[in-house]
Amino acid sequence: MQYMLLIYGNEAEEAALPQAQRDAEMKEYFALTEVAKQRGVEITDGDALHSVTTAKTVRVRNGKIEKIDGPFAETKEQLGGFYTLKADSLDKALEIAALIPGARHGSIEVRPVVDFSQG
């Protein structure tokens with residue numbers, strides 16, 4: 001089964017961390033692929049996102065396109081990155097989610113991905 005792990009955190013709080021702490025956390029992110037592999041989970045993709053200040057939201061209402069600056073939802077935490085992975089079970093995906101450094105100060109949403117190729 002494929003899972004998407006969405007990484008949410010508070011950009012302002014993360015920016016206020018000392019540079020050494022941010023650098024150490026990035027090393028953990030880069031090492032996560034190997035740790036997952038050792039646990040029988042394949043990370044198939046993952047990336048960080050630019051700041052929410054660069055985000056745009058598009059909606060179509062009554063045939064009219066609305067372009068809005070910023071993310072749609074007003075929240076304390078913002079989507080900062082993601083991983084997609086293949087795991088034998090939800091429990092394995094949750095195990096890897098708990099290893100993501102952002103889980104210590106934000107949250108990780110874990111969702112199964114719909115496979116439309118299987119009819």
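Given the structure is predicted, the values throughout are model-derived calculations rather than measurements.
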Peer 1: If I take atom NZ from residue Lys37 and atom CD1 from residue Ile96, how far apart are they, to the nearest 0.5 angstrom?
Peer 2: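 These two atoms lie 12.5 Å from each other.
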Peer 1: Give a yes or no answer on whether the side chain of Gln78 reaches the backbone of Glu11 with a donor-acceptor pair at less than 3.5 Å.
Peer 2: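 Pair found, side chain donor or acceptor close to backbone of Glu11.
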Peer 1: Compare all side-chain heavy atoms of Asp115 with those of Gln2 and state whether any distance is below 4.5 angstrom.
Peer 2: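 Sidechains of Gln2 and Asp115: no contact.
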Peer 1: May I ask whether Met1 and Val113 are part of the same hydrophobic cluster, defined by side-chain heavy atoms of I, L, V, M, F, W, Y residues being less than 4.5 angstrom apart, directly or through others?
Peer 2: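 As far as the 4.5 Å side-chain criterion goes, Val113 and Met1 are not connected within one cluster.
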Peer 1: Any link between Met26 and Tyr83 through a network of hydrophobic side chains (Ile, Leu, Val, Met, Phe, Trp, Tyr) touching at under 4.5 Å?
Peer 2: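 Yes, it is one cluster - the side chains of Met26 and Tyr83 are joined through contacts under 4.5 Å.
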Peer 1: Answer yes or no: is there a donor N or O on one side and an acceptor on the other, between the side chain of Arg22 and the main chain of Leu17, under 3.5 Å?
Peer 2: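 Yes: the side chain of Arg22 pairs with the backbone of Leu17.
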Peer 1: Is there side-chain contact between Phe82 and Asp47, with heavy atoms separated by less than 4.5 Å?
Peer 2: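 Yes, side chains in contact.
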Peer 1: Would you check if the side chain of Ser89 reaches a backbone N or O of Lys92 as a donor-acceptor pair within less than 3.5 Å?
Peer 2: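 Yes, Ser89 side chain to Lys92 backbone: donor-acceptor pair under 3.5 Å.
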Peer 1: Does some side-chain heavy atom of Glu14 sit less than 4.5 Å from a side-chain heavy atom of Glu25?
Peer 2: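 Result no, sub-4.5 Å side-chain heavy-atom pair not found.
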Peer 1: How about Glu13 and His105: do any of their side-chain heavy atoms sit closer than 4.5 Å?
Peer 2: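 No; the side chains remain at least 4.5 Å from each other.
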Peer 1: Keeping Thr44 on the side-chain end and Thr84 on the backbone end, is there a donor-acceptor pair under 3.5 Å?
Peer 2: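 Indeed, once roles are kept as given, a pair shorter than 3.5 Å links the two residues.
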Peer 1: If you compare all heavy atoms of Ala93 against all heavy atoms of Leu5, which two are closest, and at what distance to 0.1 Å?
Peer 2: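 For Ala93 versus Leu5, the nearest heavy atoms are O-CD2, 4.1 Å.
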Peer 1: Nearest heavy-atom pair of Ala103 and Ala97: which atoms, and what distance?
Peer 2: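 Minimum heavy-atom contact is CB-O, 3.8 Å.
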Peer 1: Shortest non-hydrogen contact from Glu28 to Pro101?
Peer 2: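 Taking every non-hydrogen atom into account, CB-CG, 3.5 Å.
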Peer 1: Which atoms form the tightest heavy-atom contact between Tyr29 and Ile7, and what is the distance?
Peer 2: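 Between these two residues, the closest heavy atoms are OH-CG2, 3.9 Å.
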Peer 1: Surrounding CG of Asp23 (heavy atoms of other residues, nucleotides or ligands, distance under 6.0 Å), is the total greater than 12?
Peer 2: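 Correct, the count exceeds 12.
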Peer 1: Do you know which two heavy atoms are closest between Leu85 and Ile43, and how far apart they sit?
Peer 2: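 Result for this residue pair: CB-CA, 3.9 Å.
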Peer 1: Do Lys67 and Ile65 have side chains that get closer than 4.5 Å, going by heavy atoms?
Peer 2: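 In contact.
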Peer 1: Would you say Phe30 and Ile108 are hydrophobically clustered, going by side-chain heavy atoms of ILVMFWY under 4.5 Å?
Peer 2: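 Linked, Phe30 and Ile108 end up in one cluster.
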Peer 1: If every non-hydrogen atom of Leu79 is compared with every non-hydrogen atom of Gly81, which pair is closest and at what distance?
Peer 2: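 Nearest heavy atoms, Leu79 then Gly81: CD1-O, 3.5 Å.
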Peer 1: Would Val41 and Leu99 show up in the same hydrophobic cluster when neighbours are defined by side-chain heavy atoms closer than 4.5 Å?
Peer 2: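 Same cluster.
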Peer 1: Can you hop from Val52 to Leu49 via hydrophobic side chains spaced under 4.5 Å?
Peer 2: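 The answer is no; the residues belong to distinct hydrophobic clusters.
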Peer 1: Would a 4.5 Å heavy-atom cut-off, applied to side chains only, mark Arg61 and Glu66 as touching?
Peer 2: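 Heavy-atom side-chain distance check passes, below 4.5 Å.
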